[in-house]
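Counting convention: from 1, in listed order, for ligands and their atoms alike. This is a predicted model, so every value here is computed, not measured. Numbers here simply count residues along the sequence, with the first being 1.
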Amino acid sequence: MPLCPLRQVLDEARKGAYGVGAYNVNNMEQIQAIMQAARDTASPLIIQASRGALEYTNFTYLKHLMMAAVEDNPDLPIVLHLDHGPNLDLCKKAIAIGFTSVMIDGSIDYDVTTAAGKHPARSLEDNIRVSKEVVDYAHARGVSVEGELGTLGGIEEDTKTDKVLLTEPDEVEQFCAETGVDALALAIGTSHGAYKFKTEPVLALELITECRKRAPDTAFVMHGSSSVPKELVDEVNKYGGNMPGAMGVPIPAIQEGIKRGIQKINVDTDGRLVVTAAIRKVFVEKPEVFDPRKYLGPGRAALAELIASKMRDFGTAGHAADYQPKTLDEMKAFYAGQG
Ligand code: G3H
Ligand code: 13P
Ligand code: ZN
């Protein structure tokens, strides 16, 4: 099976009323674990790399690891996606190394840094302009594009503005119509990382319903969707970690989000947590171990189990054989036909 365009995977998810996880990867064990989970549950999947992941791995290594996953799993529809692309340049680079999908995070200007060390938020007009540039470039090559309206908390809080800006449904219709993005990340109160809420999870799920009315044909994306399960945090802390007050998005809230119109669900932090817990456990229980395979292996196994459970919870399981991936040439013709 060739690589799959994001657009097709999310269109299928919308038809089938299920969600597809987009899992961040940085190394071989993570990629193998996620592939194992997809095989075990017969799920289509999105593997995504952030700018940080590409820099950490020097691009070439991650590219070949991701391509190895594709070669090793010919029966699964797999999307290779750039997560939080900061500008057209990085999107071009990702497309050049074979990604079938890119995100342009046009809600903030990563290329400008203020005296306070922050990146300024972009106006709607500027966001539309930079996102449209990426759409024009990517669609001409059959590659899908995700945009973002509004800002998340978490890591973006540090770099953007002090307050979280939820997506304005009124802007969604204009943004989708003028940019032509295939998918749109909505800011509904989630944030990146392990500390999403102070006392209890609060999400503006009703915004999804409102936005769905404004853009019926665009897929919606929920970033910051790790659940930060208490058992996992307890496990990390039990073996010497220090993560007081960690809290995430409960699975039922994500399932409600899917019902209201979310198709792509971004998960990174839970993967970090489960691997950390497994490695810490080995270090504490078997201090004689110094072969990295003896702790990375359990980390990989624990991650595969966690991702498989998400594939079942999001409703992705069992959908791998529903369709044949379209080629980028077919997608190019599709976009050209849209005028
Ligand atoms: O967007 C957030 C993801 O968790 C990626 O994080 O930039 O540390 O790779 P990163
Ligand atoms: P989490 O930090 O909740 O895993 O979110 C990841 C994400 O949104 C990547 O884009
Ligand atoms: Zn994100």
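Residue-ligand proximity, His84 to ligand 1, at heavy-atom distances under 4.0 Å covers atoms 1 (O). Per-residue contacts place Asp83 under 4.0 angstrom from the following atoms of ligand 1 (heavy atoms of the residue considered): 1 (O), 3 (C). The ligand atoms of ligand 1 that sit less than 4.0 angstrom from a heavy atom of Asp268 are 3 (C), 4 (O), 5 (C), 6 (O).
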(request) Give the C-alpha distance, both sets of side-chain angles, the deciding distance and a yes or no for side-chain hydrogen bond (donor to acceptor under 3.5 Å, both in side chains) between Asn237 and Asn242. (result) CA-CA 5 Å; Asn237 290 338; Asn242 183 20; over 6 Å; no
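Partners of Lys238 according to the salt bridge (Lys or Arg N to Asp or Glu O under 4.0 Å) rule, which considers only residues two or more places apart in sequence or in another chain, do not exist here.
Here Asn24 has side-chain heavy atoms under 4.0 Å from ligand 1, and that is the only part of it that gets that close. If you look at Asn266 next to ligand 1, there are no close heavy atoms at all, none under 4.0 Å.
Taking 4.5 Å as the limit, some side-chain heavy atom of Asp322 sits within range of a side-chain heavy atom of His319. Under the 4.5 Å side-chain criterion, counting only non-hydrogen atoms from C-beta, Arg39 is in contact with Gln36.
Note: angle at the Zn ion (ligand 3), from NE2 of His192 to NE2 of His84, is 100° (rounded to 10 degrees).
Looking only at distances, a side-chain donor or acceptor of Thr316 sits under 3.5 Å from a matching main-chain atom of Gly19. Side-chain atoms of Asn27 come within 3.5 Å of backbone N or O of Gln30 as a donor-acceptor pair. Formation of a donor-acceptor pair under 3.5 Å by the Thr57 side chain with backbone atoms of Tyr61 is not found in this model.
Protein residues having a heavy atom under 4.0 Å from any atom of ligand 2 are Asn24, Gln48, Asp83, His84, His192, Gly193, Lys196, His223, Gly224, Ser225, Ser226, Asn266, Val267, Asp268, Thr269, listed by chain and number.
Judged by the 6.0 Å and 45° rule, Arg293 forms no cation-pi pair with Tyr295.
The side chain to side chain contact (heavy atoms under 4.5 Å, CB included) test with Met35 is passed by exactly one of Ile307, Ile47, Val70: Ile47.
In terms of hydrophobic clustering, with Ile, Leu, Val, Met, Phe, Trp and Tyr side chains grouped at heavy-atom distances under 4.5 Å, Val289 and Ile279 are assigned to a common cluster.
Considering backbone and side-chain N/O atoms, Arg272 comes within less than 3.5 Å of an N/O atom of ligand 1.
In His223, the N, O or S atom that comes nearest to the Zn ion (ligand 3) is ND1.
The closest approach between a heavy atom of Gln48 and any atom of ligand 1 is not below 4.0 Å.
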